[in-house]
Amino acid sequence: MQYIQRDNCVEIKNVTDFDPVKIFECGQCFRWNADENGVYLGVAMNRAAKVWKTDESVFISGTLEDFENIWRDYFDLDRDYAALRSSLNTDEYIKKAAEFSAGIRLLRQDRWETLCSFIISQCNNIARIKRIIEALCRSFGEPIFFEGKTLYSFPDAERLAGLCEKDLEPIKSGYRAKYIIEAANSVASGKTDLDILAAGSYDEALRTLKGLSGVGDKVANCVILFGLHMMDAFPVDVWIKRAIGANYGKGFDPKIFGDAAGLAQQYMFYYARSQGKS
DNA sequence: GCTCAGGCAGGCT
DNA sequence: AGCCTGCCTGAG
C-alpha cells in the first residue's frame with residue numbers, strides 16, 4: 001500500500017480487497033451512505049469523511065494526519081485481506097462466498113458505538129436501524145460541520161448514562177431504550193470496560209457482554225467481531241443460520257475457518273443476503 | 001387487519 | 001438444553 005496527499009484527500013494506491021460498496025453494505029456498520037455517484041459519506045470516530053474508489057485507487061477525504069491517525073486503522077489497512085480470503089478455501093461454498101464478497105474489510109469501529117448499534121439492531125430491519133441511530137446521534141451527539149452540512153457524532157456512553165426511557169422516546173427505539181440506557185450506564189461507570197475486554201479473551205468478552213440485558217449471543221458476537229475486532233467471533237443471525245443449514249448442516253463449527261472465521265461470516269452474510277434479496 | 005424484520009428475556013418443560 | 005411468548009415500531 002502506498003498513499004499520497006491530494007487536495008483535501010488522501011489517495012491510496014495498490015490496495016487490494018477494498019470495495020466501499022461491500023465494506024459499507026455488508027452489515028457491519030450503519031452510518032455510511034452513498035450518493036448518486038457512489039461516493040460514501042459517513043461519520044466515524046467523531047469525524048466525517050467521504051470515501052470513493054476509482055479503477056486505480058481508493059480516496060479518503062481529509063488530511064494526511066487524519067489518515068494516519070484514524071482511517072488507516074479504521075479501515076484495517078495494514079491487514080492482508082487477500083491472503084485471509086484465499087485461506088478460506090476448505091469447501092466450495094465458502095470459496096464461492098469469499099470470491100463473491102472479495103473487497104470486504106472488517107472495520108475497526110468504536111467499541112461503544114458498536115455495542116449500542118447492535119443492541120438497536122435486534123429484531124429490526126436495516127432501514128429502521130439506521131433511522132434510529134441517526135436520530136440518536138442528532139439528539140445526543142455533537143455537531144460536525146462538513147462541506148456545508150451538519151452531521152452528528154455518535155454520542156458517547158457518558159452522554160446517554162443517566163437518561164430515562166422517556167428521554168429516548170423521540171428516537172423510537174421501542175423496547176430497546178432500556179437496554180441502551182443500561183449499557184450506557186454500565187460503560188460510563190466503568191463496570192463494563194470495553195478496552196479491557198478488547199485486550200482479553202473471547203470467552204471473557206462474551207461472558208461480560210452477555211451480562212448486559214438486551215445482549216445475547218448474536219449481539220455479543222457482533223460487538224466482539226466489529227467492535228473488539230476479534231476475528232474468531234462468528235455471529236449467527238437468521239441469514240447465517242439459513243446458509244449453515246443449506247451448506248453445512250447440524251454439526252457446523254466455525255473453527256473450520258480458522259483465524260478468519262469472522263471474515264468468513266461476513267462473506268457468508270453478504271453472499272447469502274445478495275442471493276436472498278434478488 | 002396481518003406478518004415480519006440481522007434478538008432477547010423470562011418462564012416453562 | 002430446548003421451546004414458547006411478548007416486546008416497540010414501521011413497512012409491505
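Side chains included, hydrogens not; waters and symmetry mates left out as well; all remaining heavy atoms used. In what follows, chains are A, B, ... by sequence order, proteins preceding strands, each numbered from 1.
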Got a donor-acceptor contact below 3.5 angstrom from the [X] side chain to the [Y] backbone?
X: A/Gln28; Y: A/Leu107; result: yes
X: A/Arg105; Y: A/Arg79; result: yes
X: A/Asp167; Y: A/Cys164; result: yes

Write down the atom of [X], the atom of [Y], and the distance for their closest heavy-atom approach.
X: A/Gly103; Y: A/Ile23; result: O-CG1, 3.4 Å
X: A/Ala177; Y: A/Leu168; result: O-CD1, 3.8 Å
X: A/Ala260; Y: A/Leu88; result: CB-CD2, 4.1 Å
X: A/Phe118; Y: A/Lys218; result: CD2-NZ, 4.3 Å

Side-chain hydrophobic cluster, 4.5 Å single linkage: members besides A/Ile144: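 Grouped by the 4.5 Å side-chain rule, A/Leu41, A/Val43, A/Phe146, A/Leu151 form the rest of the cluster around A/Ile144.
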If you measure from the [atom1] atom in [N] to the same atom in [M], how many Å do you get, rounded?
N: C/dG2; M: B/dG6; atom1: P; result: 24 Å
N: B/dA9; M: C/dG10; atom1: P; result: 23 Å
N: B/dC4; M: C/dC8; atom1: C1'; result: 14 Å

Cationic N near anionic O, under 4.0 Å, A/Arg31 to A/Glu134: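 Salt bridge between A/Arg31 and A/Glu134, a charged N being under 4.0 Å from a carboxylate O: yes.
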Residues A/Lys50, A/Glu147: salt bridge by 4.0 Å N-O rule: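 Salt bridge between A/Lys50 and A/Glu147, a charged N being under 4.0 Å from a carboxylate O: yes.
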Toward the 5' end of DNA chain B, by each residue's nearest nucleotide, A/Gln28 or A/Leu212: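 That would be A/Gln28.
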Within residues 95-113 of chain A: residues closer than 4.0 Å to DNA chain C (heavy atoms):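 When residues 95-113 of chain A is checked for heavy atoms under 4.0 Å from DNA chain C, there are no hits whatsoever.
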Sugar-phosphate, base or nothing in reach of A/Ile126, heavy atoms under 4.0 Å: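 Since a base atom lies under 4.0 Å of A/Ile126, the category is base.
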Sugar-phosphate only, base, or nothing, as touched by A/Gly216 at under 4.0 Å among non-hydrogen atoms: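 Sugar-phosphate only.
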Given A/Leu206, A/Val236, A/Leu209, the one that forms side chain to side chain contact (heavy atoms under 4.5 Å, CB included) with A/Asp217: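 For A/Asp217, the side chain to side chain contact (heavy atoms under 4.5 Å, CB included) test succeeds with only one of A/Leu206, A/Val236, A/Leu209, which is A/Leu206.
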Span of DNA chain B, from the first to the last nucleotide whose atoms fall under 4.0 Å of chain A heavy atoms: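 From 5' to 3', the first and last contacting nucleotides are B/dA5 to B/dA9.
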Counterpart residues, side-chain contact (heavy atoms from CB on, under 4.5 Å), relative to A/Glu65 (two or more places apart):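 Partners of A/Glu65 by the side-chain contact (heavy atoms from CB on, under 4.5 Å) criterion, ordered by chain and then number, come out as A/Thr63, A/Asn69.
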Runs of at least three Watson-Crick or G-U pairs with DNA chain B, cut-off 3.5 Å: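 Output for stems: B:2-5 with C:9-12, B:7-13 with C:1-7.
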Heavy-atom protein contacts under 4.0 Å, nucleotides 7-12 of chain C, coded B base, S sugar-phosphate only, - none: BBBS--
Mutual orientation of the aromatic rings belonging to A/Tyr175 and A/Tyr179 [parallel < 30°, tilted 30-60°, perpendicular > 60°]: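 If you compare the ring of A/Tyr175 with that of A/Tyr179, the planes turn out perpendicular.
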